[in-house]
There are 2 protein chains.
Amino acid sequence: MVEVAIADKPGSASASSQRQRIVAAAIACFARSGFHGASMQAICAEAAMSPGALYRYFPSKEAIISAIAEAEHEAHAAFFARMEAADDPVEALTSIGVEALQALLASPTNTLQVETMAEAIRNPAIRAGFQRNCDEAAAMIVAALRRGQANGQVDPDLDIEVACQLVMALGDGLSAHQALDSGLSPERLRPVLQTLLRRFFRPPSTS
Amino acid sequence: MVEVAIADKPGSASASSQRQRIVAAAIACFARSGFHGASMQAICAEAAMSPGALYRYFPSKEAIISAIAEAEHEAHAAFFARMEAADDPVEALTSIGVEALQALLASPTNTLQVETMAEAIRNPAIRAGFQRNCDEAAAMIVAALRRGQANGQVDPDLDIEVACQLVMALGDGLSAHQALDSGLSPERLRPVLQTLLRRFFRPPSTS
DNA sequence: CTTATGAGAATGAACGTTCGCTCTCACAAG
DNA sequence: CTTGTGAGAGCGAACGTTCATTCTCATAAG
């Protein structure tokens, strides 16, 4: 599924491409059965690889989980980095939210979001990654909203930090609900989400 | 922790009180280690009961999980039932949201919310319960908001069903975030949440 | 030959669950 | 009152399975 572009070592199959093969297989298995429900044997089968070979590239199951969480972190970061360049933070939040949800719909990682959160509650390594993720995203969103306040695009009386937490919680909640069922199509969601964000963040009409 | 009020059978300890003892112990263990991380031995130890005794009251681990999910369902239903009697659906949503979050903070079930969602992705029985829960809550919220529209308390142009999904996702996201880190105190949250819900749902000011 | 790579059986621990036994106690018989 | 009985409740060792991980050995490349 995921192919590597650059060669790593002149060996038959580069080490990093083997790792990526394992990660892709693990994502498929974890999405199917959860972190604890998927066995290493199943991951080995999915990757067409023996346990001995797999353990040459990852020291433990947890290391694979961490690698996946790290990859998710980078994907998230890419989304939120767009907040930095946005002219209008409110419209940017809407677009990013809808697009992230659309991307999730077409990805095998959609169920892993909830899985990762559940794992983060108990696994300190995952938890640390999750919080770092949250903190980085929050920093970008808060900064963008503060800029918006300075530009008159965002209500200056809002408690921006709490508002940011609310918006991030909304995003995670939406991704969870969407992984579960929710015949909620992005097309139908978009205008309502846009209304919510605009009314929430825009300065009360004094015109 | 949980005491039974009505006698069940003239036996020394009533069957239903034993079940409640097991459920309470299981909640503690699941909150500590997750559904799959907690062993039956650990639940037995927490309940001060042997495996043989425990299996007299529950046929399997999954049955305990289902019983907990069912109990959560009833707790949720109690919250959302208040929507029916509310004069103002927007203010009711705010109060219910803050109170539910406060109740969660003081309860051992706070981390179970995420756990249950993760389990619902894969376990059909849990999933069915979760969806039933969602559907019932959505029905009440939608009905209340429709009444609000008729009374001029809610923007008549809103897509109420989608708006309801958004609000429920927000609630689940908040409970998840609060189980994970929660520098978010209910006192600080309340006014911001109130602002969000009011601005989202109220008719745009035409006064 | 040396070294990196992989296969796959083996390992020991831990799991959910079961089973046979013991204990307790209400109650009837003597 | 004492004794016998039967059933419900509980105990905890043991079972079979599955898991993550490791070990040994074969193979291919340099």
Before accepting this row, confirm whether a basic side-chain N of the pair [X]/[Y] lies closer than 4.0 Å to the acidic partner's carboxylate O.
| X | Y | value |
| --- | --- | --- |
| Asp155(B) | Arg202(B) | no |
| Lys61(B) | Glu119(B) | no |
| Arg132(B) | Glu70(B) | yes |
| Asp88(A) | Arg147(A) | no |

Between [X] ([atom1]) and [N] ([atom2]), how many Å, whole number?
| X | N | atom1 | atom2 | answer |
| --- | --- | --- | --- | --- |
| Arg21(A) | dT5(C) | CZ | C1' | 12 Å |
| Ile43(B) | dA14(C) | CD1 | P | 17 Å |
| Glu62(B) | dC15(C) | CD | C1' | 15 Å |
| Leu54(A) | dA7(C) | CG | C1' | 13 Å |
| Lys61(B) | dT18(D) | NZ | P | 16 Å |

Nearest-neighbour nucleotide for the [X] side chain, [options] considered:
| X | options | value |
| --- | --- | --- |
| Pro51(A) | dA20(D), dT22(D), dC11(D) | dT22(D) |
| Tyr55(A) | dC11(D), dT21(D), dG6(C) | dT21(D) |
| Met40(B) | dA20(D), dG16(C), dA7(C) | dG16(C) |

Discussion item. Just N and O in the side chain of Gln41(B): are any of them under 4.0 Å from OP1 or OP2 of dT17(C)?
Written reply: no
Worksheet item: Side-chain N or O of Tyr57(B) less than 4.0 angstrom from OP1 or OP2 on dG10(D)?
Response: yes
Worksheet item: Any chance the side chains of His36(A) and Glu115(A) put a donor and an acceptor closer than 3.5 Å?
Response: no
Worksheet item: When all nucleic acid strands are considered with a 4.0 Å heavy-atom cut-off, which category describes Ala63(A): base, sugar-phosphate, or nothing?
Response: nothing
Worksheet item: Contact class for Ala47(B) (heavy atom, under 4.0 Å): base, sugar-phosphate, or nothing?
Response: nothing
Worksheet item: Toward the 5' end of DNA chain C, which comes first, Ser60(B) or Arg56(B), by nearest nucleotide?
Response: Ser60(B)
Response to the item:
DNA chain D nearest-nucleotide lookup for Ala48(B) and His36(A): closer to the 5′ end is Ala48(B)
